[in-house]
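Worksheet: one structure, shown below.
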Amino acid sequence: MQLSFSPAELAFRDEVRAFIDAHFPAGKGWRGGNPSDEQRWARALLQRGWAAYQWPMEHGGTGWNITQKYIWERETALAGVPARLGGLGMFMLAPVLFTHGSAAQCERFLPGIRDNSVVWCQGYSEPEAGSDLAALRTRAVPSGEHYVVDGQKLWTSYAHVADWMFCLVRTSQEARRQDGISFLLIDMRSPGITVEPIVTIDGLHSTLNAVRLQGVHVPIDQRVGQEGEGWRCAKGLLTHERTGLAFVADSLRRLARLKDAASQRPSRHGNLLRDPLFAARLAEVEVDLMALEITELRTLAEVAAGQAPGAQSSILKLQGTLVLQRLTELFVDCAGLQALSYEPADASPGEAGFRDDVASYLIGRSASIAGGSNEIQRDIIARHVLGL
Ligand SMILES: Cc1cc2nc3c(=O)[nH]c(=O)nc-3n(C[C@H](O)[C@H](O)[C@H](O)COP(=O)(O)OP(=O)(O)OC[C@H]3O[C@@H](n4cnc5c(N)ncnc54)[C@H](O)[C@@H]3O)c2cc1C
């Protein structure tokens, strides 16, 4: 198994580094939440043809292989710039459209996803259907050229800013619950949709919402795939979601920043980095992060050799979120008593310092729930990886 980069891959890595450096040179890095930085980066990515870096060429993407995508994600994370500006549409919906969408749907929806002019949210979870997603009850009943949709979606990230939602709905009651589910694309401006904010543990309404659908009319040509094929579309999509949740490059960057912050934090040993207890915890998480990186590279090598990531993506998701959470805990230890004075109102996006670290710690608790809880990932690993 080949785990090191070839000369061509190293040349590609240098090209990526030069591109990032041309727009955000060291020391003049990305300021999160800053609109002018976002616009500048979006323009640069579109001009270079790298905006939809995960997409195949026939749909206007880069056509990069999995190693090139990995290099891009790693280099952007290490430089602190986003790998992509498009959210769930770019990452999760587009692959479904490539595989299950009609030519007309691809033509209609992909351009807005690629240039990030249309924001999408994911309407899967419901009050009684999270881990057991097949229990979802939001109904879509055909009526002429439309479906009439009634129900409630929960934990819908970015619904409050989304233009559209890709949504799982129940179109029939089948013996196997999965067979009665269809995949709809719903315009969030449709009459009958109400979005209610959910304030999270960090005291902010930055992401989560509840979405009510009452008599919402959705044209039948906004169904992706055949009626009853929604589960098949969603399943492939969840593997994409979990493979993207190892956060290795992000954690590497956090680790470097943590070491820097700890080295400046006075302690009776000189600084916190020299404190034996803190240093031991830091070393433990660093070792686990190295192991995670090797696991990610191993998965990459297997995928490059033509195997699907499948259940192994659950290992990446599980370990990736645990490492990320432990790093955010160490940041709070580093902030010490200052962390106690956290006020959500002060935690403006992109503001440097401990307030952001405390906010990351708090919202980071949800990483082991979102995208399928860690208990569910352990179950998948036990059954499908270990064969227990
Ligand atoms: C930050 C965040 C963002 C999210 N964004 C979205 C989004 O954009 N769109 C969307 O559709 N959903 C989203 N979700 C919802 C997410 O997918 C669900 O929260 C998740 O699938 C868990 O479902 P649940 O919350 O209903 O918990 P439940 O399924 O009720 O689980 C409760 C607890 O029981 C455990 N449990 C449940 N079943 C089992 C089992 N069989 N074996 C062992 N333990 C079990 C779980 O691990 C968990 O600890 C988001 C969630 C979070 C936290």
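Note that ligands are numbered from 1 as they come in the structure, with each ligand's atoms numbered from 1 the same way.
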Which residue and heavy atom of the protein sit nearest atom 9 (N) of ligand 1, plus the separation: Gln122 O, 2.8 Å
Matching residue for Trp50 among Phe19, Trp41, Trp55 - test: ring pair (Phe, Tyr, Trp, His ring centres under 6.0 Å): Phe19
Using a 4.0 Å cutoff against the non-hydrogen atoms of Glu375, which atoms of ligand 1 qualify? 43 (C), 44 (N), 46 (C), 47 (O), 49 (O)
Could you tell me if the ring centre of Trp120 sits under 6.0 Å from that of Tyr158? no
Ligand 1 atoms in contact with Tyr124 (distance to a heavy atom under 4.0 Å): 11 (O)
Tell me: protein heavy atom nearest atom 46 (C) of ligand 1, and distance? Ser373 OG, 3.4 Å
Stepwise, does the side chain to side chain donor-acceptor pair (under 3.5 Å) test hold for Thr328 with Arg365? CA-CA 9 Å; Thr328 62; Arg365 304 302 94 194; 3.0 Å; yes
Any protein heavy atom nearer than 4.0 Å to atom 5 (N) of ligand 1: yes
Leu330 backbone acceptor or donor facing Tyr361 side chain under 3.5 Å: no
List the steps and the verdict of side chain to side chain donor-acceptor pair (under 3.5 Å) for Gln152 and Thr138. CA-CA 6 Å; Gln152 190 190 347; Thr138 293; over 6 Å; no
Verify the ring-centre separation between Trp231 and Phe183: is it less than 6.0 angstrom? no
Examine Phe12 together with Trp64 and report whether their ring centres are nearer than 6.0 Å. yes
Contact atoms of ligand 1, heavy-atom distance to Ser366 under 4.0 Å: 1 (C), 53 (C)
Look at atom 13 (C) of ligand 1 and say which protein heavy atom is nearest, naming residue and atom and giving the distance to 0.1 Å. Trp155 O, 3.1 Å
Side chain, backbone, both or neither: which part of Ser157 comes within less than 4.0 Å of ligand 1 when only heavy atoms are counted? both
Considering only protein heavy atoms, which is closest to atom 20 (C) of ligand 1, and at what distance to one decimal place? Ile369 O, 3.6 Å
Does atom 1 (C) of ligand 1 have a protein non-hydrogen atom under 4.0 Å from it? yes
Please compare Ser131, Pro127, Gly130, Ala370 and report which has the shortest non-hydrogen distance to atom 28 (P) of ligand 1. Ser131
Tell me whether the centres of the aromatic rings in Tyr124 and Trp155 are closer together than 6.0 Å. no
Flag the pair Ile113 / Trp164 as yes when at least one side-chain heavy-atom distance between them is below 4.5 Å, and no otherwise. no
With a 4.0 Å cut-off on heavy atoms, is Ile376 touching ligand 1? yes
Would you mind checking if Asp132 and Arg177 are paired as a salt bridge, meaning a charged N to carboxylate O distance below 4.0 Å? yes
Go through ligand 1 atom by atom and flag the ones less than 4.0 Å from a non-hydrogen atom of Leu208. 2 (C), 3 (C), 4 (C)
Quiz question for you: does at least one protein heavy atom lie closer than 4.0 Å to atom 38 (N) of ligand 1? yes
Output yes when a protein non-hydrogen atom is found under 4.0 Å of atom 32 (C) of ligand 1, and no otherwise. no
Can an N or O of Ser125 be found at a distance shorter than 3.5 Å from an N or O of ligand 1? yes
